[in-house]
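Structure first, commentary second.
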Amino acid sequence: MQAAYLNLAIMPSIEVQTIESLRQARPAFWGGRGAGCRSTLHLEPAQVQQAVDRFKRFAPLLQRLFPELQASGGRIESPLLTVPAMQQALGLPEAMGQMWVKADHSLPVAGSIKARGGVHEVLEYAEQIALQHGLLADGDYLQLASDAARAVFASYQVAVGSTGNLGLSIGVMASGLGFKATVHMSADARAWKKSRLRSHGVTVVEYAEDYGVAVEQGRKAAESDPNCFFIDDENSRTLFLGYAVAGQRLKAQFAQQGRVVDADHPLFVYLPCGVGGGPGGVAFGLKLAFGDNVHCFFAEPTHSPCMLLGVHTGLHDAIAVQDLGIDNLTAADGLAVGRASGFVGRAMERLLAGFYTLRDQEMYDLLGLLARDEE
């Protein structure tokens, strides 16, 4: 552990003080490498639009399969909420702007941000299988709820490694369409998430180790089955594009409320970060929607600062928090990731305005304020 730390300390691009703060699990802030550049991503706005269109094509089917989507016509979206009492409790005057919460914790079907990326990847896979088997000859996606379509899907399996939230979105959606589904869950995954998955007929494989082991073992298990599709949270562009749909959706919500985002009214967004796919995709979508008028920050637990560490050192997925002696233990189970996605880190390092870490107790305190002051 100490050797890895000393090797980092002599690298000229590294601020030793930041690394020392991470190593000692102290709150840290790092302003990143500069924002505004998209040249490293190799993804285009048209690809995000394809994800938007895919959600639209599947909306009638999703409305039929999931009762909670009846009112929205099959649209998976979360509300945009003002939190004036929370803003006041934090001592932020109105002159500084207005505080909002994009309530992705209440996204239907999965109940987390993963309902964007996870659901999207399952839908893309289902679409590919359906086209291969001639199930969409007339373009009617409701046909995918038929017994014939479900029989086809039942011969395929969808698998994923997860701390819990991504597994929920993929397991619930895959089983809802008729696929066999297996979720490899890390030690920190909550019992209620495992129980909910099993109630949907999803196979849950539990591990005593962290997220990285669950992903590795899930990937190995999938390799032995040619009809098993493993969804890779660390490197999937399809997941990333599903998350990116949030940018277009948020822009529409602001427009509906008459809110302007421009150089005189910039938008600052704070995104909790685990392996990086969800916040990375959302940040990319926001940059497409608002350009240089949006400034995105990744927030991580002090005991799991994998993205800050990977981007700051330039080592990305070649370094884990455990290499600095950090235990990767946090109450924020969806953020309990020791090694960041190299794909996301490299793609986002010049898009982000900064990174910061905070202690679990501060998360509890802020959550308590929100519960007390906002209904």
Side-chain angles (χ1 to χ4, degrees), residues 51-81 101-130 135-136 138-154 156-160 162 164-183 185 189-204 229 231 238-239 242-243 245-246 248-250 252-253 256 278 334 375:
V52 171
D53 294 341
R54 181 168 291 109
F55 276 118
K56 290 180 180 177
R57 290 196 297 273
F58 273 92
L61 176 65
L62 297 180
Q63 184 179 15
R64 174 174 294 186
L65 295 177
F66 297 95
E68 61 266 44
L69 296 178
Q70 291 294 320
S72 67
R75 181 184 175 92
I76 298 175
E77 193 45 72
S78 69
L80 178 65
L81 307 174
V101 169
K102 185 71 172 83
D104 276 7
H105 63 280
S106 63
L107 276 168
V109 179
S112 80
I113 187 176
K114 303 298 184 177
R116 300 186 186 281
V119 168
H120 177 251
E121 181 132 12
V122 173
L123 295 182
E124 183 183 76
Y125 182 60
E127 194 171 46
Q128 292 171 354
I129 298 298
L135 300 175
L136 290 171
D138 58 1
D140 181 6
Y141 279 66
L142 286 174
Q143 291 298 313
L144 300 186
S146 68
D147 290 342
R150 294 183 70 84
V152 169
F153 290 150
Y156 293 87
Q157 181 180 178
V158 176
V160 67
S162 174
N165 291 336
L166 182 64
L168 266 180
S169 70
I170 288 171
V172 170
M173 181 55 61
S175 65
L177 289 169
F179 289 105
K180 298 173 185 175
T182 301
V183 179
M185 308 274 287
R190 297 296 187 253
W192 70 265
K193 297 178 184 180
K194 301 171 189 176
S195 177
R196 184 179 173 195
L197 283 167
R198 289 179 172 128
S199 73
H200 284 269
V202 177
T203 299
V204 176
F229 175 56
I231 295 179
T238 302
L239 278 175
Y243 297 131
V245 169
Q248 191 178 115
R249 298 279 181 85
L250 182 60
Q253 286 177 315
Q256 289 168 2
E375 295 183 1

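- Residues Val122 and Ile231 meet the side-chain proximity criterion, which asks for heavy atoms closer than 4.5 Å.
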### Task
Begin from the C-alpha positions of Arg57 and Tyr141 and carry the test side-chain hydrogen bond (donor to acceptor under 3.5 Å, both in side chains) through to its verdict.
CA-CA 7 Å; Arg57 290 196 297 273; Tyr141 279 66; 3.2 Å; yes

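- In terms of modelled atom types and a separation under 3.5 Å, the side chain of Gln143 and the main chain of Ala148 share no donor-acceptor contact.
- Environment of CD in Gln63: crowded, with over 12 heavy atoms of neighbouring residues, nucleotides or ligands closer than 6.0 Å.
- How far CZ of Phe66 is from OG of Ser72: 12.0 Å, rounded to the nearest 0.5 Å.
- Not one N or O on the side chain of Gln157 forms a donor-acceptor pair closer than 3.5 Å with the backbone of Lys180.
- Applying the 6.0 Å contact sphere to CG of Asp138 captures more than 12 heavy atoms from other residues, nucleotides or ligands.
- Distance check: Ile129 CD1 to Leu135 CG gives 9.5 Å after rounding to the nearest 0.5 Å.
- Taking all atoms of both residues into account, the shortest heavy-atom contact from Pro60 to Leu142 is O-CD2, 3.4 Å.
- A pairwise comparison of heavy atoms in Arg116 and Ser78 identifies NH2-OG, 3.8 Å as the closest pair.
- The backbone N or O of Gly167 lies less than 3.5 Å from a partner atom in the side chain of Ser162, making a donor-acceptor pair.
- Proximity of Phe58 to Leu144: side-chain heavy atoms (C-beta onward) are separated by under 4.5 Å at one or more points.
- Residues Lys56 and Arg75 are not in side-chain contact: their nearest non-hydrogen atoms beyond the backbone lie 4.5 Å or more apart.
- At a threshold of 4.0 Å, the pair Glu121-Lys114 does not count as salt-bridged, since none of the basic side-chain nitrogens sits closer than that to a carboxylate oxygen.
- Partner Leu197 forms a side chain to side chain contact (heavy atoms under 4.5 Å, CB included) with one of Thr182, Ile170, Thr203, Val183 and no other, that one being Val183.
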### Message
Please determine whether ring-ring contact (aromatic ring centres under 6.0 Å, His included) holds for the pair Phe179 and Tyr125, giving the CA-CA distance in whole Å, both sets of side-chain angles, and the decisive distance to 0.1 Å.
### Response
CA-CA 11 Å; Phe179 289 105; Tyr125 182 60; 5.4 Å; yes

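- Across all their heavy atoms, Asn165 and Lys193 have their closest contact at OD1-NZ, 2.8 Å.
- Sparse packing is recorded around CZ of Arg64, with 12 or fewer heavy atoms of other residues, nucleotides or ligands lying under 6.0 Å away.
- Nearest approach of Met185 to Ala189, heavy atoms of both residues: CE-CB, 3.7 Å.
- Formation of a donor-acceptor pair under 3.5 Å by the His120 side chain with backbone atoms of Thr238 is found in this model.
- Atom CG of Asp104 is separated from atom CG of Leu250 by 9.5 Å, given to the nearest 0.5 angstrom.
- The minimum heavy-atom distance linking Ser106 with Pro79 is given by the pair OG-CD, 3.7 Å.
- With hydrogens and angles ignored, the 3.5 Å screen pairs no side-chain donor or acceptor of Arg196 with any backbone N or O of Val172.
- Using modelled atom types, no side-chain atom of Ser195 and backbone atom of Ala191 make a donor-acceptor pair closer than 3.5 Å.
- Looking at every heavy atom in both residues, Leu177 comes nearest to Phe153 through O-CD1, 3.2 Å.
- The OG atom of Ser169 lies 10.5 Å from the CD1 atom of Ile113; values are rounded to the nearest 0.5 Å.
- Taken from CG in Leu61 to CG in Leu69, the straight-line distance is 10.5 Å, to the nearest 0.5 Å.
- Counting only heavy atoms from C-beta outward, the side chains of Leu123 and Leu62 approach each other to under 4.5 Å.
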